[in-house]
Trainee: 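My questions will all concern the structure given below.
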Amino acid sequence: MGMHGRLTFLLLLLSFCAPGTFVRAAALLDLPCMVTLSEDAVPGTSVAEVTVSCSNTSDSPNVTLHGTEPSHPFSLITSSTDPMANTTFQVEVTLRAGAELNAHWVNLYTLTLWATCPGEDKVEKQLFVWVKEGQVLHCDAPFTSAEGDVVRVLADVAPRTPLYAVMPQPLGGLTFRLRNHNTPLMLTHQGLVLAPAGGFDLSKGTQVFRLEIEVMDRKGHNCSGAVRVEVLPSCHPCVSFLEMQQAVTVPGVIGPLEVVTQVHASGDNVRYAILAPMAPKFFTIDEMTGKIRSTHRLEVAQEQLLIQAYNALHPADHATTMLNITVQGTDQREPSCVPAIFVSQVPETVLTGSTLVTLTCTGCKGAEGCLHYALEGPPASRSHFRMEGPQLQVSTTLDYDSKAVATVGFQFIATIVVTAGGQPPRSTRVPMLVTVTPINEFTPVCPNGTTFTVPETAAFGSAVGLIAGTDRDYPPDSLEYSLEGGPGPEQPFSINVHTGEIRVVGPLDSRQHKSYRLTVRLTDTHNDLDPAKQRSCLCAVTVHVQAVLDQAPVCTPEVQELWITVRSGSRQPVTRLVCQGSRDGTTLTYSIAGGNEDGRFQLEGNTILYLPNNPPEPRTFVLLVEVWGGSSVPRRSTVVALVVHITPRSTSVPPSTTTQRTTPLKERLVVTQMEAVWQPPAWFVAVLTVSGALLLAALGCIARSLLCSPWNVVEQKGDEGEQGSSHASSLEQFDGRAQDPRDGRDYLFNSKTGARRWI
């Protein structure tokens, strides 16, 4: 229920509580409208009291209690307050026996009290009972710690003696359960740990028992903890004083916390305490050593102390002694100074010669200036401070950023010694502690002209560079880094707030942004006592995006077979490679990687030229040309395989009157099919391509030799027929047309000379 809901509900209750019109309303008196009851209330708790008054004294009234809930946990107790008149009765609303309240189930009960006196009308009033949440169950810290609470007892303790109370506060309705049962100790329903029924074994040494106990209330809340019981041997030396009464006399004046005497008692684990007076006025005792010290400056004093010595493990083992202390005052008094102790904080920018404190000292009778002031302490303190009479002044700068101040932990300790003249000289010491606080004096400095270069293919989170800012304030270089504007599409970078390392957090594209100009803010931290006082500066950082070849160049086609007819002494263009590089137009580089035997081929850009020998010879070359772009490492390249057939050009044939047929060359069709297959490395593809090309060339040469032989036979037979046959005119005349079986090209064949003319 929110705050608005609670206020609305309370206003509704107040509206019910407003006085109305009742018949014989005076019959019910003092009934409250609303009461608050804790859910921890025990049965029988009084909720409200009301007085019922009747005008007829013949009989007692009939009082009943009704509620909106079918079984409310409340009941009525009626008693007469005036036995003689028998007209006034006291009615009390109480919590029914065995009833339990739970604010999470029902937090408001609406009760109606009906009262009827004999011969009178019935009167009713409403009572609202608000149930609030009770106390949450919690266990004490020592009990819930990892080691548990510790109890030390003697082995001769009586059987069933209570050793420990788990929950000393009277909560009621708690259940205690022992988790481990391997112990002779007992746990009662009231949460008391008892000694064993047969007592402890006196023959053993120190014994340790651990009890793990769980506590649960009637609402299901629980807590758990442990108790460790250490059983000590009963045989031990008793604590005792050698003297039952002692007297100490101090001849002079004693200062504050000055040791007067020391008491000593024999025994184990001895501790000391003053029993009487309950609040000693002049003296105190050290619990561990028994030293008696004065509480303040004493000139004349007398006090009687009752001192007890006891065993810390067994407080029942103790002894007492009476100590009388007498202080005899004299006229010789040490100087008294205000302040008696000087503690201060000063900023590091305090000026040299500034006065930190002026002592006001008394105790010197006679001429003025009889008190002398001196500074004692470590050399660092005496070098930074000086005494000018009663004034403590700064003698040199207190630079918080210097090594000298950092070495002493930014704190200077010393003692001001105030000495009064006389015989013997009397002195007073005033301890001083001066802490130097930092002031943010310097602005951070960033390196000038910071430039980084990152490839455009850098992955998410890749490091770009480190901004090494500096700050002269202590602690040095305590900086935080931030990017002005923050990461985004126009600034795909982030910076580490503590180290200043810039990393890539977005895609990079050298075509859209060849460089980015970042503004880095350096803010110093922990350099001033006030964290809000910070200094900052802006650094300009340039990040260049380096273009990277996204993929190897693509050449079309990657394998070519060429037939070249050349003449001796002239360079012959073979082909021009068509390759496409990266998206940013990086210049491609071409190089003949293999097959250039005798140096017959050379490259001019992407054009391959053939340099024939003299005279030219028919030959087949398999060239491997590597193509790459850019300067990325590793280099991404493509290898193009060229199978070049070299044919020497023959003597030209005179023009013929035969009609020439031109057969158009068929355009080579390249079909590319992408399949998810194994991708071998480039060198393997190149070697396989070269081997296939050589095999095709060998098969072509064999086919050529086989096809050329029948033509020669035909030509020879044709010559013989023309010379010896008498019926040559009857044969069909041959027009000289033929077709090359290798490439399908048409040519004219001269039967007399044997020459071919391509058409």
Side-chain angles (χ1 to χ4, degrees), residues 38-40 42 100 102 104 133-239 265 267-273 285-290 308-319:
S38 174
E39 64 178 359
D40 292 333
V42 297
E100 291 185 2
N102 192 325
H104 295 282
E133 294 185 358
Q135 182 179 2
V136 178
L137 178 65
H138 68 278
C139 296
D140 294 337
F143 176 70
T144 58
S145 63
E147 296 182 358
D149 207 348
V150 179
V151 178
R152 296 181 178 89
V153 297
L154 294 177
D156 56 359
V157 67
R160 297 183 179 273
T161 299
L163 305 180
Y164 184 82
V166 178
M167 299 291 287
Q169 62 271 30
L171 292 179
L174 299 180
T175 303
F176 302 89
R177 185 173 65 90
L178 189 62
R179 290 184 175 180
N180 59 324
H181 301 282
N182 56 343
T183 173
L185 302 177
M186 296 179 293
L187 179 66
T188 67
H189 296 292
Q190 292 78 22
L192 295 178
V193 178
L194 306 181
F200 293 106
D201 190 353
L202 301 178
S203 62
K204 295 183 179 180
T206 301
Q207 306 173 61
V208 178
F209 301 96
R210 180 179 175 84
L211 289 82
E212 297 180 359
I213 302 172
E214 181 181 13
V215 185
M216 181 178 297
D217 61 7
R218 57 190 177 187
K219 297 180 179 59
H221 303 144
N222 64 348
C223 63
S224 59
V227 179
R228 189 178 65 178
V229 179
E230 297 181 2
V231 182
L232 305 177
S234 58
C235 298
H236 58 274
C238 297
V239 177
D268 293 337
N269 305 307
V270 178
R271 299 293 185 269
Y272 301 92
I285 190 170
D286 190 300
E287 181 185 12
M288 302 295 294
T289 63
Q308 181 189 65
Y310 61 94
N311 189 326
L313 301 181
H314 310 288
D317 182 11
H318 57 81

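From a predicted model like this one, the values you see are computed outputs, not experimental measurements.
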Trainee: Just wondering, do N180 and L178 contact through their side chains at under 4.5 Å, heavy atoms?
Mentor: yes

Trainee: Is there side-chain contact between V166 and F143, with at least one heavy-atom pair below 4.5 Å?
Mentor: yes

Trainee: Determine the minimum heavy-atom distance between C139 and T144, stating which atoms define it.
Mentor: CB-CG2, 3.4 Å

Trainee: How long is the straight-line distance from OG1 of T188 back to CZ of F176, given to the nearest 0.5 Å?
Mentor: 7.5 Å

Trainee: With sequence neighbours left out, which residue pairs that include part of residues 175-187 fulfil the salt bridge (charged side-chain N to carboxylate O under 4.0 Å, His left out) condition?
Mentor: R177-E214

Trainee: Keeping the roles fixed (side chain from Q207, backbone from F200), state whether a donor-acceptor pair exists under 3.5 Å.
Mentor: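 No; judged by distance alone, with no hydrogens or angles, the pair does not exist.
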
Trainee: With rounding to the nearest 0.5 angstrom, report the CG to OG1 distance, L154 to T161.
Mentor: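 That separation rounds to 11.0 Å.
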
Trainee: Show the nearest heavy-atom pair for residues A195 and A158, with the distance to one decimal.
Mentor: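 Closest heavy-atom pair between A195 and A158: CB-O, 3.7 Å.
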
Trainee: Which atoms form the tightest heavy-atom contact between A265 and V239, and what is the distance?
Mentor: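 For A265 versus V239, the nearest heavy atoms are CB-CG1, 4.2 Å.
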
Trainee: Write down the atom of A197, the atom of M186, and the distance for their closest heavy-atom approach.
Mentor: N-CE, 3.9 Å

Trainee: Testing the basics here: between P184 and F209, what is the closest heavy-atom pair and its distance to 0.1 Å?
Mentor: CD-CE2, 3.4 Å

Trainee: Under the salt bridge (charged side-chain N to carboxylate O under 4.0 Å, His left out) definition, can you give me all pairs with a residue in residues 222-231, not counting sequence neighbours?
Mentor: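 Salt bridge (charged side-chain N to carboxylate O under 4.0 Å, His left out) check on residues 222-231 returns R152-E230, R228-E230.
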
Trainee: Checking the side chain of D149 only, and the main-chain atoms of P142 only, is there a donor and an acceptor separated by less than 3.5 Å?
Mentor: no

Trainee: About how many Å separate CG of L313 and CG of L232, when rounded to the nearest 0.5 Å?
Mentor: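 The CG atom of L313 is 6.0 Å from CG of L232, to the nearest 0.5 Å.
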
Trainee: If you compare all heavy atoms of V270 against all heavy atoms of A309, which two are closest, and at what distance to 0.1 Å?
Mentor: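 Distance-wise, the nearest heavy atoms are CG1-CB, 4.0 Å.
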
Trainee: How would you list, by chain and number, every residue that makes a side-chain hydrogen bond (donor to acceptor under 3.5 Å, both in side chains) with Y310, sequence neighbours excluded?
Mentor: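 Checked Y310 against side-chain hydrogen bond (donor to acceptor under 3.5 Å, both in side chains); matches are E287.
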
Trainee: Which value, rounded to the nearest 0.5 Å, describes the distance between R160 atom CZ and L185 atom CG?
Mentor: 12.0 Å

Trainee: Taking the side chain as C-beta and beyond, is there a heavy-atom pair between R271 and M288 under 4.5 Å?
Mentor: yes

